[in-house]
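Written below as structure tokens is the structure these notes are about.
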Amino acid sequence: MAEPVQSNLPSAYDPKRAEEKWYDYWIEGRFFEAGQDPEKEPYTIVIPPPNVTGTLHIGHALNNTLQDILIRWKRMQGYDALWLPGMDHAGIATQTRVEAKLREQGLSRHDLGREKFLEEVWKWKAKYAANISQQWRKMGLSLDYSRERFTFDEGLSNAVNEVFVRLYEKGLIYRGKYIINWDPQARTALSDIEVIYKEVKGALYHMDYPLKDGSGKICVATTRPETILGDTAVAVHPDDERYQDLIGKTVVLPLIGREIPIIADEYVDPEFGSGAVKITPAHDPNDFEIGIRHDLPQIIVMDESGMMNEQAGKYQGMDRFECRKQIVKDLQEAGVLTEVEEHTHSVGHSERSGAVVEPYLSTQWFVSMKPLAEKAIQAQKSGEGVRFVPDRFEKIYLHWIENVRDWCISRQLWWGHRIPAWYCDECGEMMVARETPDQCSNCHSSQLRQDEDVLDTWFSSALWPFSTLGWPEETDDLKRYYPTDLLLTAYDIIYFWVARMIFSGLEFTDQKPFKDVLITGLVRDAEGRKMSKSLGNGVDPMEVIEKYGADAMRFMLSTGCTPGNDQRFRWERVESARHFANKIWNASRFALMHLDGVTAEELELSGTLSTADRWILHRLNETIADVTRLLERYDFAETGRVLYNFIWDELCDWYIEFAKLPLYGEDEEAKRVTRAVLAHVLDQSLRLLHPMMPFITEEIWQHLPTAGKSITIASWPSPSDAYHAPESVREMEVLIEAIRAVRNIRAEMEVAPKHEIELLIRPDADTTAAIKNNEPAIRRLCGVSNLTIDPNLERPEKSMTAVVTGAELFLPLAGLVDIEQTVARLNAELKKLNAEVERVEKKLSNQGFVAKAPAHIVEAERKKGEEYKEKREKVLARLAEIRA
RNA sequence: GGGCAGUUAGCUCAGGGGGAGAGCGCUUCCUUGACACGGAAGAGGUCGGAGGUUCGAUUCCUCUACUGCCCA
């Protein structure tokens, strides 16, 4: 694939070319397909399946990038890395969108009928699935497409049925008439967590209900006066002294005249309102409970769309909120409404449609959660649970699972897994079965009807880590890759998904579905607001890739946050990531220019290494160790920072600048060694960076003489003892400090960059060799023509002076010497040194410090103190000389 | 009401018991044979406040203020 171009590589990196080319190459090479080597240890991640009719947003991009980084890294480390892709049929979300499209054509799903409607949905699914696949490609994800799954495909549907039947047979799934959360817009039941509570300004209406015997009245307060139509009692606290005489009496409901009893129940809070509450068992969960205790009638006054029904008398056909207004008006006219108080209370809204949720009495299917939760709690508390990263999310999970209520799993939708229950038209028998039964188990009639409802989408998502691997079949994949190693998701679906996968995994596979859960935050807009369709502040990852390239986006997202915390999306940061890509590109361009025509054999690392060579190899060792350690901790931001600093500040700013001397020089052996070091460091750096920036690293790596088939399967670097050279760090520090000091003087004295100057260096004994060995580099990087290095040299008259660690520098700038400037700089240096010396001496004279601080810290302070003092002596001596 | 985060340079954020960091922005200079998506040299912060632990706190603990999120 590599093209034999080096010298004519363009000077700016063009992401589009590389991205198209290499993704195809990777897929054709099947580098992402797991299971090719049974000797390797497996490492598995299943992707959180995106909603099939959506578009991937920037949150997906973050989530997917992080998984890809880990998978690519593990693959390079020699694991049999499996990243399993797939999508979710997303019941409500998808159905709503298809219905919206039909509405535009003036149609409803009922006009089409169930079968035709589902055909429409499948068409949508096909279109959007293709789109999502395309987005995965663009992001460069190393997914194993040969194992791609869909929550609605045959295997996963079998898993759903299996789970349903097993739970039913265990008595953990039941059907019954209870108060559930009803979405009148989507016309379906919802689970508890699909309801979002918001503070809403409303009113508390106080009403007088007259006693039937005419002996008085009782005042009740409510935020929902329209529910008066469904009242079947008034309740007071049994110990409430105010109402002792009234318990057992009968009141007459205003407006409708129904007679209802006054009952006593512990649930009533005597402190709230008047201490008497109206009871509407069919429209309030607490009232429902009271109704059961007191055997009250349950009167449903609304239909499925939130319109008042035939039980509402003259209000029939009105919308529930319109009805509220009318009822208030009528109550007022009847003189029953005694007070209207401003009142802020919490109102449930549908997570999907946004409609105000109606507590609604309805027959639904439920999962009995207690036993499943118990198992999960037990596992977590015994230390056998999943590891949450960051660990604070474990508490959030535990709190939820410990307080979980039964899960309403039936939905009145068409797009979803049909509930595997059948009813006999003849005898009314209900059958739950894996396969469609052909006759009634009771009366053998063949007149069977399947339950119309479908299951909550999350019911199938809960099985994702094992259903995708073939469960309930004992497949090879299931045996090899399950339990998975990691689940990576944002904190907003811990309850919806993570928790449910955990208890499902434990129940059906007797294993936790994943070892670690890595929780990320959300990607917000530049102002810190949550991205949303209504605000229109979402960022399309494809737009980011189009403008800056996939690698820039990946680097920006993965380094932009710490685990579990939100990050803001800022274009400047993407731009900065692109600059980084471009920097790597150009450093590589430089290297490749000097490797043109060089064979892999010639790049054997041997021979005499320069200071810079030893230093960069030593630093590479440390960087390899750091990056590996940081990835193990899922610390992507630090990983990125370490690589950025190593490549930009050390490799580009210093090593390459030093390397230019031998590379442009005459010494062939030095040239050969430098090329070898440069090629090695570049190769290793590209490998380290590859998980984060896959495209550019492959593009460059393929140009190296030492390249293999693909960097995606190149081995992960490990530190080499041969390059351990801590002394080189000290040497480079001295050189860098000296070069900077000269540049500083040049800048302050406004010496033109092209103007070559004279420089005299008086090194200390222990730095003389390092400085002497790097004479050409000092010349080049300081713009020096005439350089003298001598431990015994005399300070020339009329020269600028600087003191650095390990050496003194003199610049006899003819005609430019500014004594005042030199004195000012030396004084500034002196001030700093005085402060440092004082700080160190204060520390060392503190007996507590010397006695209690770790020995190496004390020793380090002593050493620092000595250095500062030595340096200060020199500064003082130079100042004295100048004054003399 | 309960819980959890955050508060560090102009902005956005890292960091972490022992000399305050990055990116962007800002100032000055430079189109030098990898790169102006660049190079060189700089300016800029008493790490929200108050106590405590410690030889030593920006970092650990407690309280407190403000911001955000989750749960009821």
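A, B, ... follow the sequence lines: proteins, then strands. Residue 1 opens every chain.
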Could you verify whether a donor N or O on one side chain and an acceptor N or O on the other, from [X] and [Y], lie under 3.5 Å apart?
X       : Y       : answer
D626(A) : T623(A) : no
Y644(A) : D649(A) : no
T805(A) : E737(A) : yes

For [X], which contact category applies under a 4.0 Å heavy-atom criterion: base, sugar-phosphate, or nothing?
X       : value
E657(A) : base
E638(A) : sugar-phosphate
W648(A) : sugar-phosphate
R746(A) : nothing
K864(A) : base
Y644(A) : sugar-phosphate
C561(A) : nothing
A587(A) : base
N645(A) : nothing

Item to check | Least distance between heavy atoms, V574(A) atom then M556(A) atom | outcome: N-CG, 3.8 Å
Checklist entry - Under 30°, 30 to 60°, or over 60°: which ring-plane class applies to F569(A) and W571(A), parallel, tilted or perpendicular? => result perpendicular
Next on the checklist: In terms of relative ring orientation, are F580(A) and W648(A) parallel, tilted or perpendicular, with 30° and 60° separating the classes?
Outcome noted: parallel
Could you check which of [options] has an atom nearest any side-chain atom of [X]?
X       : options                : value
H579(A) : A41(B), G38(B), G23(B) : G38(B)
D653(A) : G23(B), G39(B), G18(B) : G39(B)
S576(A) : C37(B), C24(B), A41(B) : C24(B)

Round to a whole Å and report the spacing from [atom1] of [X] to [atom2] of [N].
X       : N      : atom1 : atom2 : value
R392(A) : C4(B)  : CZ    : C1'   : 7 Å
F590(A) : C37(B) : CZ    : C1'   : 19 Å
Q567(A) : A14(B) : CD    : C1'   : 13 Å
E861(A) : G17(B) : CD    : C1'   : 13 Å
E575(A) : U12(B) : CD    : C1'   : 14 Å
F555(A) : A22(B) : CZ    : P     : 15 Å
I519(A) : C4(B)  : CD1   : P     : 17 Å
Y397(A) : C4(B)  : OH    : C1'   : 18 Å

Whole-Å [atom1] distance, [N] and [M]:
N      : M      : atom1 : answer
U27(B) : U32(B) : C1'   : 23 Å
U12(B) : G6(B)  : C1'   : 14 Å
C61(B) : A5(B)  : P     : 10 Å
G56(B) : G52(B) : C1'   : 15 Å
U59(B) : G17(B) : C1'   : 6 Å
C24(B) : C37(B) : P     : 13 Å
G25(B) : U31(B) : C1'   : 23 Å
G51(B) : U67(B) : C1'   : 23 Å

Whether [X] contacts [N] is assessed here as follows: a side-chain N or O lying under 4.0 Å from the phosphate OP1 or OP2. Is that the case?
X       : N      : answer
K852(A) : G56(B) : no
R570(A) : C11(B) : no
T562(A) : A14(B) : yes
K583(A) : G39(B) : yes
R568(A) : U12(B) : yes

Does this structure show an ion pair linking [X] with [Y], if we count only N-O contacts that are shorter than 4.0 Å?
X       : Y       : result
K16(A)  : E546(A) : yes
E632(A) : R629(A) : no
K381(A) : E402(A) : yes

Checklist entry - Looking at W400(A), W458(A), W407(A), Y491(A), which hits ring pair (Phe, Tyr, Trp, His ring centres under 6.0 Å) with F496(A)? => result W458(A)
Next on the checklist: Run the side chain to side chain donor-acceptor pair (under 3.5 Å) test on Y13(A) and N586(A) for me, step by step, so that the C-alpha distance in whole Å, both residues' side-chain angles and the decisive distance to 0.1 Å come before the verdict.
Outcome noted: CA-CA 8 Å; Y13(A) 171 59; N586(A) 278 293; over 6 Å; no
Next on the checklist: In this structure, which stretches of RNA chain B are paired as stems of three or more consecutive Watson-Crick or G-U pairs, both distances less than 3.5 Å?
Outcome noted: B:1-7 with B:65-71, B:10-13 with B:21-24, B:26-30 with B:38-42, B:48-52 with B:60-64
Item to check | Under 3.5 Å: donor-acceptor pair, side chain of R746(A), backbone of C782(A) | outcome: yes
Shorter than 3.5 Å, N or O on both sides, protein versus nucleotides 66-72 of chain B: list them out with atom names.
{"unit_1": "C70(B)", "atom_1": "O2'", "unit_2": "Y495(A)", "atom_2": "OH", "d": "3.3"}

Checklist entry - Rounded to the nearest 0.5 Å, what separation is found between the CD1 atom of I700(A) and the CG atom of L686(A)? => result 5.5 Å
Checklist entry - Does E572(A) or R578(A) map to a spot on RNA chain B nearer the 5' end, using the closest nucleotide for each? => result E572(A)
Checklist outcome for this item: Assign each of K843(A) and W585(A) the nucleotide of RNA chain B bearing its closest heavy atom; nearer the 5' end lies the nucleotide of K843(A)
